Protein chains: 2
Amino acid sequence: MATIRGKPREDVPVQARGTARFDIILDAAEQVFGTGYAGASMREIAERAGVAQALIHYHFDTKEKLFEAVIARRASEINGQRAQMLDALFAGDDAPRLEEVIEALFRPTIAVDHDNANSFSRILVSAANSAEERDQLLVQRYYDPIALKFIDAFMALTPGLARMNAVWAYMFAIGVGMTMMATTGRPLRLSGGECDDRDVEAMLARIVPFICAGVRALADGDPHIGPRNDH
Amino acid sequence: MATIRGKPREDVPVQARGTARFDIILDAAEQVFGTGYAGASMREIAERAGVAQALIHYHFDTKEKLFEAVIARRASEINGQRAQMLDALFAGDDAPRLEEVIEALFRPTIAVDHDNANSFSRILVSAANSAEERDQLLVQRYYDPIALKFIDAFMALTPGLARMNAVWAYMFAIGVGMTMMATTGRPLRLSGGECDDRDVEAMLARIVPFICAGVRALADGDPHIGPRNDH
DNA sequence: GTCTATAGTTCGATAGAC
DNA sequence: GTCTATCGAACTATAGAC
């Protein structure tokens, strides 16, 4: 495939040479979109993929549709795993612990078996916090359904947790998870080298108890304060 | 000032007409940068400010320096308030509650008395989660110092909270705060209309107990689980 | 399906008059 | 200090050959 062209493309990874251009483009787009939608250029994606820019438009039409394709591919994979883990937890005879549910929420996001995991995480963090209609529509389409499942799980496992507070708790939990997905290197700076946000295990070990305690604190009858009685 | 020009500029807000162009440009830039750095254009900023595009370069030189000027203006205001509130809390005879410290962390961010508050919040959320060197440098310069103060406060008020876990807790707390500053409208969707992320009081009433419980869960000897014994 | 070439816009920044 | 006018580069998308 690469042999019919004038100059060989050494820039294309070896394992990708035999696959369809379609997927090569998606991989390249994932990397480039990781620096932001507006800042990404079709030219750079084409260069990184080692294809002509026009080919991207042939396969994906517009930049916006390419962006959605990048998200759709990973989201279905990740959220499929999430739903599967969540169902498995509730399949047993007795109820799971909230800690296990939080694990099911974050493990699939970080454990995807590709080297672009970090790029996709950044795309997601950006989209989740965006005010752009394009981003909000994608979050709604690909992430709202699984969010509702986790909100139900929060309520099922936390006595006295009203739906309203379960929704807030889910939003807060996702916010905490962003910290892990953004991998800005800031924890390293603030801790003088002790906290590494590339060490997902060390982070998860703190995130899980942090969120679980937070969720339980929003349940009725929790010893701690806060005027939360308007539900 | 507007009278010496050929056509009067009705698009400029009344209260801004008498002020210097310098501040008008900063306000316009804040609004436009709220949709992202790369996506923002100097042309749109100039239009919104009602000035010539060249004037922006005269005052701020480059787009990048204008962006920093926007952040610097608000950051000094907000973080000054934060430091003041934090010092006041620890000035008394007995130690404050952790809840009060969390309030001091978020109140100044949302209570700034200008109508661009939402735009600046979005700029901040984007910068805090960015992998771009430009953004990380700004966070480091304008937000790391105050972060260290709050991390110290977390430790002082939470027996058994190691520095490492205090840093993680601070990162998680900021992550939760992002939920409030992003104002994506997602809580409204997920709750069927009950949870409004534009209602900052309702959010703070949940955020404070959520974070406080999370911070305490990362202290040694907390009844809850998690392999956090590697510090 | 993939390419080259380019049309048509928009961008950041500058030159130079006032 | 503020403007008009414009340069040169980068952008998305398309036309058309193979």
Side-chain angles (χ1 to χ4, degrees), chain A residues 1-12 16-70 132 134, chain B residues 1-12 16-70 132-135:
Chain A
M1 183 167 268
T3 56
I4 64 169
R5 318 169 98 251
K7 47 180 177 182
R9 291 175 289 107
E10 289 98 355
D11 53 294
V12 177
R17 259 193 209 140
T19 70
R21 300 274 218 252
F22 190 92
D23 290 308
I24 301 184
I25 293 173
L26 272 182
D27 289 338
E30 195 169 48
Q31 290 174 30
V32 177
F33 280 135
T35 67
Y37 177 83
S41 83
M42 300 294 272
R43 282 175 145 80
E44 192 184 342
I45 294 171
E47 273 175 32
R48 179 151 337 200
V51 304
Q53 193 184 333
L55 187 62
I56 306 183
H57 287 102
Y58 171 79
H59 280 305
F60 300 97
D61 199 8
T62 65
K63 182 182 179 183
E64 204 149 330
K65 287 178 185 168
L66 172 61
F67 186 66
E68 169 155 7
V70 167
E132 305 267 322
R134 175 193 58 249
Chain B
M1 182 169 266
T3 56
I4 64 169
R5 318 169 97 253
K7 47 179 177 182
R9 292 175 288 106
E10 288 98 356
D11 53 296
V12 177
R17 261 196 206 134
T19 70
R21 300 275 217 248
F22 189 91
D23 289 309
I24 301 184
I25 293 172
L26 273 182
D27 289 339
E30 195 169 48
Q31 291 175 28
V32 177
F33 280 135
T35 65
Y37 177 84
S41 84
M42 300 294 272
R43 284 177 145 79
E44 192 184 342
I45 294 171
E47 272 175 33
R48 179 149 340 199
V51 304
Q53 193 183 335
L55 187 63
I56 307 183
H57 286 103
Y58 170 80
H59 280 304
F60 300 96
D61 198 9
T62 65
K63 181 183 180 183
E64 203 149 329
K65 287 177 184 168
L66 171 62
F67 186 65
E68 169 156 4
V70 166
E132 305 267 322
E133 195 186 342
R134 173 193 60 250
D135 295 320

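Quick caveat, the model's predicted, so the values are computed rather than measured.
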*Asks:* Please give, in whole Å, the distance from D:dC11 P to A:Glu64 CD?
*Replies:*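 Rounded to whole Å, this separation is 18 Å.
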*Asks:* Going by heavy atoms in the side chains, are A:Val51 and A:Ile45 under 4.5 Å from each other?
*Replies:*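 No - every pair of side-chain heavy atoms lies 4.5 Å or more apart.
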*Asks:* Looking only at heavy atoms, which two atoms of B:Ala29 and B:Val70 are closest? And how far apart?
*Replies:*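 In terms of heavy atoms, the two residues are closest at CB-CG2, 3.7 Å.
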*Asks:* What integer distance in Å separates A:Phe22:CZ from C:dT2:C1'?
*Replies:*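 So the CZ-C1' distance, A:Phe22 to C:dT2, works out to 15 Å.
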*Asks:* Checking side-chain contact (heavy atoms from CB on, under 4.5 Å) between B:Arg48 and each of B:Gln31, B:Glu30, B:Arg43, which is the one that passes?
*Replies:*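 It is B:Gln31; the other options fail the test.
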*Asks:* Distance check needed: C:dG12 C1' versus B:Asp61 CG, whole Å only.
*Replies:*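 One finds 11 Å between C1' of C:dG12 and CG of B:Asp61, rounded.
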*Asks:* Using whole Å, what does the distance between atom C1' of nucleotide D:dT12 and atom CZ of A:Phe33 come to?
*Replies:*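 That distance rounds to 12 Å.
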*Asks:* Just how far is it from atom OG1 of B:Thr62 to atom CD of B:Glu68, taken to the nearest 0.5 Å?
*Replies:*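 B:Thr62 atom OG1 to B:Glu68 atom CD measures 9.5 Å (nearest 0.5 Å).
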*Asks:* May I ask you to check if A:Lys63 and A:Phe33 form a cation-pi contact, with NZ or CZ under 6.0 angstrom from the six-membered ring centre and within 45° of the axis?
*Replies:*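 Output no; distance or angle outside limits.
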*Asks:* Indicate, with a heavy-atom threshold strictly under 4.0 Å, whether A:Ala40 touches base, sugar-phosphate, or nothing.
*Replies:*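 Sugar-phosphate contact only.
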*Asks:* Strictly below 4.0 Å, heavy-atom distances to any atom of DNA chain D: list the hits from residues 53-60 of chain B, or just say none.
*Replies:*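 Contacts with DNA chain D under 4.0 Å: B:Ala54, B:Leu55, B:Tyr58, B:His59.
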*Asks:* Roughly, in whole Å, what's the span from CD1 in A:Ile45 to P in D:dA10?
*Replies:*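 Between P of D:dA10 and CD1 of A:Ile45: 17 Å.
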*Asks:* Any side-chain N or O of A:Ser41 below 4.0 angstrom from OP1/OP2 of D:dC11?
*Replies:*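 Yes, within the criterion.
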*Asks:* Taking atom P of D:dT2 as reference, at what distance in whole Å does atom CD1 of B:Ile25 sit?
*Replies:*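 One finds 7 Å between P of D:dT2 and CD1 of B:Ile25, rounded.
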*Asks:* Can you measure from CG (B:Asp61) to CG (B:Leu66) and round to the nearest 0.5 angstrom?
*Replies:*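 Here the rounded value is 10.5 Å.
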*Asks:* Does some side-chain heavy atom of B:Tyr37 sit less than 4.5 Å from a side-chain heavy atom of B:Glu132?
*Replies:*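 Result no, sub-4.5 Å side-chain heavy-atom pair not found.
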*Asks:* Rounding to a whole Å, what distance do you find between A:Lys65:NZ and D:dA13:P?
*Replies:*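 Going from A:Lys65 (NZ) to D:dA13 (P), I get 10 Å.
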*Asks:* Identify which nucleotide among D:dA13, C:dG12, C:dT4 has an atom closest to any side-chain atom of A:Ala52, counting heavy atoms from C-beta outward.
*Replies:*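 So the nucleotide nearest the side chain must be C:dT4.
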*Asks:* Can a side chain N or O of B:Arg43 be found less than 4.0 Å away from OP1 or OP2 on C:dT9?
*Replies:*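 False: B:Arg43 side-chain N/O out of range (4.0 Å or more) of C:dT9 OP1/OP2.
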*Asks:* Rounded to the nearest angstrom, tell me the gap between atom CE in A:Met42 and atom P in D:dA9.
*Replies:*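 That distance rounds to 23 Å.
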